[in-house]
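Some notes on the structure that comes next.
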Amino acid sequence: MSWLPLSFGAPMVLWGLLALPVIWWLLRLTPPRPQTEVFPPLRILARVLRREETPQQSPWWLTLLRLLMAALIVAALAEPVFNPREKLPAEGAALALVIDNDWASAADWGKRVATAERLIADANSNGVPVLIAFTAEKPNAEIGPFDAAAALDRLRAAKPRPIPTDRPAVYARVASALESLPGASVAVLADGLAAQGDEAAFNMLLSNNAARVVWAVSDRLSLTGLTGADNQVDGFALTAIRAPGDPAPAQVTAGAFDDKGRRIADATLTFAPGGTTATGAMAVPFELRNDFAYIALDGERQAGAVRVLDESSKRRRVGLLSQSEADQAQPLLSPLYYIRRALQPFADLVEPSSVDLADAIPQLLDQKPAMIVMADVGTIPEQARQRLVDWVDKGGTLVRFAGSRLAAAGNDDDLLPVRLRTGERSLGGALSWTAPQPVTEFPKTGPFADLAPPTEVTVTRQVLAEPTPDIVERTWATLADGTPLVTGMKKDKGTLVLFHVTPEATWSNLPISGSFVEMLRRIVQLSRNQGSAVANAEAAATSLAPYRMIAADGTLVPPTPDARPLVPGAGPLPVTLENPPGLYGSETGVFAHNLLGGDSAFTPLARPEITVPVTTIQYAFDEQRNLKGPLVTAALVLMVLDTLAVFWMGGLLSRRPRRAGAAATAAVLLMALGALIGQADVARADDAKPGDTEAIGDISKTRIAYVLTGEPGVDSISRAGLEGLTRFLIEKTALEPGAPAGVDISKDELSFYPLIYWPIDPSAPMPSEAAIARIDAYMQQGGTVLFDTRDQFANGIGADSTSPATERLRDILGNLNVPPLEPVPSDHVLTKSFYILPEFPGRFAGSPLWVEASLEASNTENRPVRTGDGVSPIMITANDFAGAWAVDENGDPLLPTVPSDPMQRIYALRAGVNIMMYMLTGNYKSDQVHVPVLLERLGQ
């Protein structure tokens with residue numbers, strides 16, 4: 001029985017409401033006990049008529065209270081439910097729950113769990129077992145059947161995985177388990193994305209033993225994924241996809257993050273109306289692009305919206321050098337022409353402005369390239385050679401191409417990977433017996449191991465390497481006759497590479513082949529330490545350990561226990577539970593394994609043809625609320641009120657000493673009523689005044705105040721500075737101050753604050769005489785004002801020159817009763833109230849902190865600590881304390897210190913701690929120093 005949005009589990013109990021008139025009649029006939037009054041004076045009693053009076057009926061309000069209590073009890077027994085949900089068909093021999101827990105389900109995983117919990121609850125009420133299987137777990141995972149409690153435990157322990165679904169394998173296991181449970185209900189909680197093999201998987205699951213099907217779907221498929229992030233010449237080219245069917249245009253924002261999670265770039269991608277692909281560009285300098293660790297779409301909490309980057313996505317700066325002047329009329333004959341064409345798509349090329357090697361090499365090295373390519377450079381000038389050698393030893397990659405100049409130059413063991421024979425070798429000429437040589441398979445130990453050999457490439461001239469014991473391991477490419485085409489070696493942290501042919505198509509047609517581009521690209525990848533380990537690992541086809549994984553919600557996390565090493569290959573690698581998306585390798589180099597490929601697309605999952613009854617539901621949280629408990633509680637509250645009313649009408653709550661027991665009973669009942677209702681009334685005194693609540697809040701915690709100058713920039717820095725000092729106090733001391741307070745000295749109460757920070761700004765209006773009088777009264781009553789002119793470096797030249805801030809401070813102090821002042825002596829309590837501090841710097845250093853002068857300043861004998869009976873009512877500095885203390889919401893400093901010294905900010909915060917401890921404790925530390933002398937005088 002249901003009337004939306006309210007239903008009853010036992011609607012027949014509501015017939016009990018018909019008894020309310022009978023209850024009303026009975027209550028009228030049974031009034032409460034009348035109140036009795038005792039009158040001691042006999043004369044008055046003698047005049048009272050002896051006539052017994054009894055109330056005819058109960059008061060109307062008491063009758064109504066009792067009727068309402070009875071109605072609440074009847075309604076509670078009927079088990080009312082607010083916003084009831086439809087009971088799901090979890091019947092038959094069993095309930096089979098098949099849940100997609102892949103990356104696409106991460107965004108609304110809570111709703112999916114809530115939906116599954118409702119299905120399990122309905123199965124429990126029908127007394128049927130539950131099979132529960134997840135499509136992104138290991139295929140051999142236990143699926144049941146379980147009882148409802150065990151099924152709930154497995155459901156709540158499950159979590160979304162950053163991998164695609166494996167419906168065929170999981171559905172096959174569920175279908176096999178249902179063979180022994182004919183007539184079961186099957187609930188499919190899918191992610192909404194179609195996958196390969198879905199048709200066969202659904203046929204296997206639903207065609208044989210399912211008696212009824214629950215098909216759960218999302219409101220709409222609103223996933224957005226990132227399928228491409230290509231580092232091009234001008235920036236990163238991004239590609240995003242979404243599911244078809246959305247006719248409205250849309251924009252998504254992508255952010256680039258470094259390996260510490262800091263956002264360093266943004267881009268906007270736009271979907272056309274009805275479009276499924278969006279592109280955008282992230283145009284930033286290549287120095288920043290090289291810091292990109294991953295790119296993520298904003299607002300998408302799933303792994304498909306994150307793309308990690310490795311060395312293949314980072315651009316290097318490559319320097320080009322040649323001794324031949326470029327022939328503008330015949331660019332194809334330029335030694336660097338083909339090198340430029342090969343490297344330009346994935347590297348930033350730089351060239352020197354001078355053709356003199358003595359100047360050109362330093363010019364290139366000053367630009368800090370990752371790799372330098374020398375096209376037929378012979379002897380290197382001695383003044384530039386050592387700097388080039390040092391650059392290689394520290395990690396640079398030097399690639400040299402042969403030519404007539406290199407063949408004629410002598411050997412250079414520091415800048416060549418192998419020793420060369422003098423001269424050059426000619427193949428296939430008129431005076432040669434040998435034919436041009438092709439290129440053979442690339443050696444398995446080199447960086448070109450997984451490249452196909454260029455069968456169309458032949459070599460007609462080359463420079464030969466001297467045969468040495470290590471020539472084989474230094475050979476990266478060979479000709480058919482076994483002579484090296486490319487040699488390389490590691491030198492300290494750097495790499496030396498030599499192409500034994502020229503960079504133009506004169507000695508070989510290699511520069512005009514596609515393999516030339518791939519070979520140079522591999523060498524560019526080796527040009528940094530991070531890339532060498534991964535590139536070599538790829539070449540040797542060895543496994544890479546998991547480094548950082550992409551979680552299902554799109555965050556980067558440490559490797560999970562299920563993750564296994566990844567073996568890179570030539571083609572796309574599948575994303576599995578053992579190899580989830582993320583970075584593989586180590587700190588020296590990583591390999592990016594992303595979830596979505598460049599050809600990925602989101603295809604909505606279509607419901608298959610099902611011959612059995614189907615119930616379609618949507619993922620949603622359970623908004624059903626059982627009202628039985630609240631109604632019973634309300635009835636109990638009314639019962640307590642009824643009891644109190646009867647006591648009051650019977651005179652048990654009268655204020656008489658002999659009724660102390662009744663008063664105690666009433667107090668207990670009142671406390672019980674407060675516990676049931678969950679609220680407590682706060683008594684307000686008759687003499688309460690407006691603003692008392694705020695005043696109590698101000699004095700409940702120690703708070704530091706600052707003067708509102710009316711200048712937004714000054715006031716914001718003051719507040720940020722005191723917030724930074726408050727954080728430091730909470731972190732380093734037992735004091736936990738409240739939030740800083742900005743005060744208007746002309747009208748706000750000042751006595752609540754032990755310290756008021758006053759930044760002097762000459763552009764702020766001059767305080768009125770009344771406001772200055774209030775400050776003077778505050779200082780006379782024990783408060784302290786810290787004046788900060790913030791002008792340590794603003795004074796002009798000369799001893800008499802003063803800044804505008806200092807002039808303003810003089811005008812203010814001229815109307816105050818200022819005691820004699822002195823810079824804080826080295827033995828003052830302020831120097832050791834918490835930290836031992838010789839000085840009190842702020843954002844600036846050098847200005848002394850002025851305080852009230854000690855009465856015994858001249859007596860320096862037998863005085864371990866400068867003492868005073870109270871606390872200085874005034875302090876003056878020019879070091880800008882608030883500027884040094886100021887922090888943002890993340891706790892990072894807002895303003896730099898002058899000079900830029902991190903320890904100066906620490907000392908400034910310590911100075912603030914000492915000032916606060918001094919304000920709150922006075923000279924107690926001075927007294928502690930004198931304890932031995934005092935005890936000696938007392939004869940202890």
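Nothing fancy with the numbering, it's 1 onward along the sequence.
- Formation of a donor-acceptor pair under 3.5 Å by the Arg316 side chain with backbone atoms of Ala347 is not found in this model.
- Counting all heavy atoms, side chain and backbone alike, Ala265 lies closest to Met282 at CB-SD, 3.7 Å.
- For the pair Arg154 and Val130, the minimum side-chain heavy-atom distance is 4.5 Å or more.
- Here the CG-CD1 distance, from Leu223 to Ile241, works out to 9.5 Å after rounding to the nearest 0.5 Å.
- With hydrogens and angles ignored, the 3.5 Å screen pairs a side-chain donor or acceptor of Arg522 with a backbone N or O of Pro447.
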| So Phe146 and Asp153, side-chain contact (heavy atoms from CB on, under 4.5 Å) or not? Walk me through it. | CA-CA 10 Å; Phe146 307 105; Asp153 290 340; over 6 Å; no
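- Atom CZ of Arg173 has more than 12 neighbouring heavy atoms from other residues, nucleotides or ligands inside a 6.0 Å radius.
- When all heavy atoms of Ala278 and Leu269 are compared, the pair lying nearest together is O-CD2, 3.7 Å.
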Quick one, Val213 with Arg607, criterion side-chain contact (heavy atoms from CB on, under 4.5 Å). Give me CA distance, side-chain angles, the key distance, then yes/no.
CA-CA 11 Å; Val213 174; Arg607 195 176 78 180; over 6 Å; no
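- Scanning all heavy atoms of the two residues, the minimum distance from Pro559 to Met549 falls at CA-CG, 3.6 Å.
- One finds the CD1 atom of Ile550 at 9.0 Å from the CZ atom of Arg307 (value rounded to the nearest 0.5 Å).
- Note that CD1 of Ile99 is 10.0 Å distant from CZ of Arg112, once rounded to the nearest 0.5 Å.
- Between atom CG of residue Asp450 and atom NZ of residue Lys444 there is a gap of 8.5 Å, rounded to the nearest 0.5 Å.
- Under the 3.5 Å distance criterion, the side-chain polar atoms of Asn101 are matched with a main-chain donor or acceptor of Lys159.
- Residues Ala96 and Leu178 share a closest heavy-atom pair of CB-CD2, 4.1 Å.
- The line from OG1 of Thr555 to CZ of Arg548 is 9.5 Å long, rounded to the nearest 0.5 Å.
- Under the side-chain contact (heavy atoms from CB on, under 4.5 Å) rule, Val98 has a single partner from Thr135, Ile132, Ile143, which is Thr135.
- Between Phe602 and Trp103, the two ring planes are tilted [angle within 30° to 60°].
- Between Val252 and Arg242, the closest side-chain pair of non-hydrogen atoms is not below 4.5 Å.
- Under a 3.5 Å cut-off, the side chain of Ser176 and the backbone N or O of Ala172 do not form any donor-acceptor pair.
- Between Leu595 and Pro164, some side-chain heavy-atom pair lies under the 4.5 Å cut-off.
- Rounded to the nearest 0.5 Å, atoms CG (Leu238) and CD1 (Ile295) are 5.0 Å apart.
- The backbone N or O of Asp259 lies less than 3.5 Å from no partner atom in the side chain of Arg262, so there is not a single donor-acceptor pair.
- Across Val113, Leu119, Val214, a single residue satisfies side-chain contact (heavy atoms from CB on, under 4.5 Å) together with Leu189, and that is Leu119.
- Ring planes of Tyr171 and Phe202: perpendicular class, angle over 60° (limits at 30 and 60°).
- Checked against the 6.0 Å centroid threshold, Phe591 and Tyr584 do not count as a close aromatic pair.
- Without hydrogens or angle criteria, Asn594 side chain to Val308 main chain gives a donor-acceptor distance under 3.5 Å.
- Under the 3.5 Å distance criterion, the side-chain polar atoms of Asp100 are left unmatched by any main-chain donor or acceptor of Asp102.
- Formation of a donor-acceptor pair under 3.5 Å by the Arg212 side chain with backbone atoms of Ala187 is not found in this model.
- Taking 4.0 Å as the cut-off between side-chain N and carboxylate O, Arg161 and Asp166 do not count as a salt-bridged pair.
- No side-chain heavy atom of Phe257 sits less than 4.5 Å from a side-chain heavy atom of Leu556.
- With hydrogens and angles ignored, the 3.5 Å screen pairs no side-chain donor or acceptor of Asn124 with any backbone N or O of Ile120.
- Residue Trp109 comes nearest to Phe134 through the heavy atom pair CH2-CE2, 4.3 Å, listed as atom of the first residue, atom of the second, then distance.
- Residue Glu889 qualifies as open at atom CD: its count of foreign heavy atoms under 6.0 Å is 12 or below.
- Without hydrogens or angle criteria, Asp553 side chain to Ala303 main chain gives no donor-acceptor distance under 3.5 Å.
- When all heavy atoms of Leu155 and Ala116 are compared, the pair lying nearest together is CD2-CB, 3.6 Å.
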